Amino acid sequence: MSACDHPGLLPMEAALERLLALAGASLIEETEQVVLAEADGRVLAEPLIAALDLPPWANSAMDGYALRLADWTGQALPVSQRIQAGTAPTPLEPGTCARIFTGAPLPEGADTVEMQENAELDESGCVNFREALKAGQNVRAQGQETRIGECVLPAGTRLGPIELGLAASLGAARLSVRRRLRVAVLSTGDELVEPGQALGPGQIYNSNRRLLIAWLQRLGCSVVDAGILPDDLQRTREALGALGEVDLILSTGGVSVGEADFLGMALREAGELTLWKLAIKPGKPLTFGHYQGVPVIGLPGNPASTLVTFGLLARPYMLRRLGGLRVEPLGFAVPAGFTWSKPGMRREYLRARLEHGRVVPYANQSSGVLRSAAWAEGLAEVMEGSTLVEGDMLRFIPLSEILG
Ligand SMILES: Nc1nc2c(c(=O)[nH]1)N[C@H]1C(S)=C(S)[C@@H](COP(=O)(O)OP(=O)(O)OC[C@H]3O[C@@H](n4cnc5c(N)ncnc54)[C@H](O)[C@@H]3O)O[C@H]1N2
Ligand code: MOO
Ligand SMILES: [Mg+2]
């Protein structure tokens with residue numbers, strides 16, 4: 001039986017589709033102008049329109065000599081001016097050439113550049129060209145990259161180093177971006193203790209809080225750290241209700257079927273549990289609901305489950321709320337370097353590496369083992385109901401595609 005015909009489990013595509021639709025219905029509308037230095041990781045709210053041609057004027061791609069090709073019939077040409085980058089040339093005197101350097105503006109009247117390695121300056125100050133010349137060679141035409149008025153980046157683009165460099169090349173000093181998403185982070189569990197404190201009986205250190213806060217900061221969110229919440233229904237209700245002005249509550253743990261899993265209970269009681277139990281491993285009990293109108297994503301507490309569900313579901317949801325265009329990781333197809341003989345009802349996301357171009361999973365895929373992800377370079381997707389033999393293709397999602 002596959003997840004599609006399993007009554008209790010929602011397939012991955014359906015879950016993501018629902019989450020993205022919910023996100024699209026609660027877009028963050030407010031925008032702000034930020035200087036480029038503050039714009040890394042933000043989502044562009046308005047298209048970036050070129051305010052100038054790029055390059056703004058024709059220029060040389062080589063260090064050499066600029067000439068009008070029609071002036072050259074094989075004879076040596078005298079050098080009539082010297083043009084460095086950052087200077088303004090005078091029009092080219094007919095029958096002459098100009099000494100020119102890479103990035104310098106082409107003088108009016110010139111249409112061709114020969115690199116200096118193919119030219120020879122004689123004692124009389126004239127240049128002999130050794131090879132046949134082609135009109136337009138080594139010339140970077142005005143506007144060859146971008147024309148003034150063109151849309152260079154659409155609204156919804158996530159800004160990274162390349163986009164910021166491009167905006168700078170067009171002289172944009174500020175960009176209009178969506179305001180930061182305000183996200184509250186809650187770690188649920190009586191067993192949790194923060195690093196730096198001594199462990200008591202039955203206690204473990206809280207890893208999800210650090211993992212999520214660092215990740216959210218990379219995503220450009222402003223984080224409200226709500227600390228550790230004990231496994232108690234009344235305290236859960238109070239904590240959820242007291243988080244103030246946030247766009248999203250992100251919690252870990254307390255969403256499965258245990259008697260101490262109170263987050264799901266609190267959402268059910270509030271009557272707004274929209275999504276629960278997905279056909280993915282790890283991550284089955286992922287929960288989405290609202291508490292007093294605020295969206296809540298309850299990530300499963302096992303650290304590898306937190307990682308997978310945050311990266312593949314919560315992250316796209318959050319970016320879509322900011323109007324993000326490309327929010328889902330793409331990954332790529334690679335051959336399996338392992339055999340998978342037991343088809344499961346849940347789609348598996350194995351913490352894996354590429355070795356000699358093949359996917360190799362970490363030996364211990366328990367969802368409690370975060371070390372698997374530190375070893376891994378990506379998530380290898382094994383589809384529900386399928387078996388694999390070595391060499392079969394599967395999707396590999398690099399962690400670098402989702403960590404930020
Ligand atoms: N009878 C069943 N039991 C479980 C089922 C099930 O279907 N039936 N599902 C299992 C699956 S799958 C998962 S995933 C977990 C999810 O449980 P919860 O989200 O309710 O999380 P907890 O029970 O609170 O904790 C699970 C596990 O993770 C550890 N944990 C929790 N928070 C943190 C943290 N911040 N840092 C580090 N580790 C954390 C916690 O100690 C538990 O070991 O449920 C299964 N059970
Ligand atoms: O769905 Mo859970 O995350 O497998 O352990
Ligand atoms: Mg539990």
Side-chain angles (χ1 to χ4, degrees), residues 3 6-12 15-16 183-197 199-216 223 225-233 235-236 239-240 249-268 273 275-289 296-314 342 344-351 361-362 364-374 376 379-382 384:
H6 191 289
L9 295 179
L10 191 63
M12 180 64 167
L16 188 58
V183 183
V185 175
L186 262 174
S187 312
T188 76
D190 283 341
E191 73 278 32
L192 300 179
V193 178
E194 288 305 325
Q197 296 170 359
L199 280 185
Q203 294 185 317
I204 58 164
Y205 288 116
N206 182 358
S207 54
N208 292 336
R209 177 184 180 203
R210 267 311 122 223
L211 180 147
L212 287 178
I213 290 177
W215 203 341
L216 288 164
V223 178
D225 179 359
I228 294 172
L229 177 65
D231 292 317
D232 178 273
L233 185 56
R235 297 281 297 275
T236 304
L240 288 175
I249 298 168
L250 199 60
S251 75
T252 59
V255 286
S256 187
V257 292
E259 285 167 6
D261 289 337
F262 291 113
L263 189 96
M265 285 183 214
L267 295 183
R268 255 185 225 102
L273 186 77
L275 204 102
W276 189 51
K277 277 205 179 177
L278 314 190
I280 60 172
K281 188 176 178 184
K284 180 174 70 174
L286 177 105
T287 301
F288 183 91
V296 181
I297 298 182
L299 304 169
N302 282 311
S305 315
T306 292
L307 171 110
V308 167
T309 49
F310 183 84
L312 300 183
L313 293 153
K342 266 209 306 200
M345 275 192 314
R346 297 193 271 160
R347 188 173 303 181
E348 303 244 1
Y349 290 97
L350 306 176
R351 278 72 71 210
Y362 190 72
N364 185 343
Q365 291 288 331
S366 158
S367 53
V369 175
L370 189 57
R371 194 174 166 191
S372 60
L379 302 173
E381 188 179 58
V382 180
E384 50 272 50

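Here the structure is a predicted model, which means the values were calculated and not measured. Indexing begins at 1, ligand by ligand and atom by atom, following the structure's order.
Protein heavy atom closest to atom 2 (Mo) of ligand 2, with residue, atom name and distance, is Gly283 N, 3.6 Å. With hydrogens left out, the protein atom closest to atom 41 (O) of ligand 1 is Glu191 OE2, 2.5 Å, a heavy atom. At the top of the distance list for atom 5 (O) of ligand 2, counting protein heavy atoms only, stands Ser367 OG, 2.3 Å. Considering only non-hydrogen protein atoms, atom 7 (O) of ligand 1 sits nearest to Lys284 NZ, 2.7 Å. When hydrogens are left out, the protein atom nearest atom 3 (O) of ligand 2 is Ser305 OG, 2.4 Å; that is the closest non-hydrogen contact. Ranking the protein heavy atoms by distance from atom 29 (C) of ligand 1 puts Gly301 O, 3.9 Å first.
Within ligand 1, counting atoms from 1 as listed, the ones closer than 4.0 Å to a heavy atom of Tyr205 are 36 (N), 37 (C). Atoms of ligand 1 found under 4.0 Å from any heavy atom of Asn302 (numbered from 1 in listed order, with element): 13 (C), 14 (S), 15 (C), 26 (C), 27 (C), 28 (O), 43 (O). In summary, the atoms of ligand 1 found under 4.0 Å from a heavy atom of Pro285, numbered by their order in the structure, are 13 (C), 14 (S), 16 (C). In the vicinity of Val255, heavy-atom distances shorter than 4.0 Å reach the ligand 1 atoms 18 (P), 19 (O), 20 (O). Within ligand 1, the atoms closer than 4.0 Å to a non-hydrogen atom of Val257 are 1 (N), 2 (C), 8 (N), numbered from 1 in the order shown. Atom numbering of ligand 1 starts at 1 in the shown order; those under 4.0 Å from a heavy atom of Asn206 are 34 (C), 35 (N), 36 (N). For ligand 1, the atoms lying closer than 4.0 Å to a non-hydrogen atom of Pro300 are 14 (S), 19 (O). Atoms of ligand 2 lying under 4.0 Å from any heavy atom of Pro285, numbered from 1 in the order shown and given with element: 1 (O).
Taking OG1 of Thr287 as the reference point, atom CG of Leu275 lies at 8.0 Å (rounded to 0.5 Å). Atom CG of Leu307 and atom CG of Leu379 lie 6.5 Å apart (nearest 0.5 Å). Taking CZ of Arg346 as the start and CD of Glu384 as the end, the distance is 11.5 Å to the nearest 0.5 Å. To the nearest 0.5 Å, atoms OG (Ser251) and CG (Leu299) are separated by 6.5 Å. Atom CG of Leu10 and atom NZ of Lys284 lie 13.5 Å apart (nearest 0.5 Å).
Within the protein, the number of N/O/S atoms found under 2.8 Å from the Mg ion (ligand 3) is 2.
The shortest non-hydrogen separation linking Met12 to Leu312 is CE-CB, 3.7 Å. Scanning both residues, Pro282 and Ser367, for their nearest heavy atoms gives CB-CB, 3.6 Å. Closest non-hydrogen pair, Pro230 versus Thr236, comes out as O-OG1, 4.2 Å.
Side-chain contact, Tyr349 with Glu381: a donor N or O sits under 3.5 Å from an acceptor N or O.
At a heavy-atom distance under 4.0 Å, no atom of Lys281 approaches ligand 1. The side chain of Ile204, and not its backbone, has at least one atom closer than 4.0 Å to an atom of ligand 1 (non-hydrogen atoms only; side chain from C-beta on). Of all the heavy atoms of Pro282, the ones lying under 4.0 Å from any atom of ligand 2 are found in both the backbone and the side chain. Heavy atoms of Leu192 found under 4.0 angstrom from ligand 1 belong exclusively to the side chain.
Within the 4.5 Å cutoff, no side-chain heavy atoms of Phe310 are placed close to those of Thr252. Between Arg209 and Glu194, some side-chain heavy-atom pair lies under the 4.5 Å cut-off. Between Leu192 and Ile204 the shortest side-chain heavy-atom distance falls below 4.5 Å. Ile297 has its side chain within reach of Leu250: a pair of non-hydrogen atoms, C-beta onward, lies under 4.5 Å apart. You'll find the side chain of Leu240 reaches within 4.5 Å of the side chain of Leu263, heavy atoms only. Side-chain atoms of Ile280 and Leu286, non-hydrogen and from C-beta on, never get closer than 4.5 Å to each other. Put simply, the side chain of Glu259 does not reach to within 4.5 Å of the side chain of Asp231, judged on heavy atoms.
Residue contacts with ligand 1: Asp261 is placed with a nitrogen or oxygen under 3.5 Å of a nitrogen or oxygen of the ligand (distance criterion only). At least one N or O atom of Ser207 sits closer than 3.5 Å to an N or O atom of ligand 1. Residue Gly254 has at least one N or O atom closer than 3.5 Å to an N or O atom of ligand 1. When only interatomic distances are considered, the shortest N/O to N/O separation between Asn208 and ligand 1 falls below 3.5 Å. Polar contact with ligand 1: present for Ser256 (N/O pair, distance under 3.5 Å).
Residue contacts with ligand 1 include Ser305, since one of its heavy atoms falls under 4.0 Å from the ligand. Within the 4.0 Å heavy-atom cutoff, Ser366 does not count among the residues contacting ligand 2. The closest approach between any non-hydrogen atom of Gly368 and ligand 1 is not below 4.0 Å.
By the 6.0 Å contact criterion, CD on Gln197 is enclosed, its count of non-hydrogen atoms from other residues, nucleotides or ligands being greater than 12. In this structure, Arg235 places its CZ atom where only 12 or fewer heavy-atom neighbours from other residues, nucleotides or ligands lie under 6.0 Å away.
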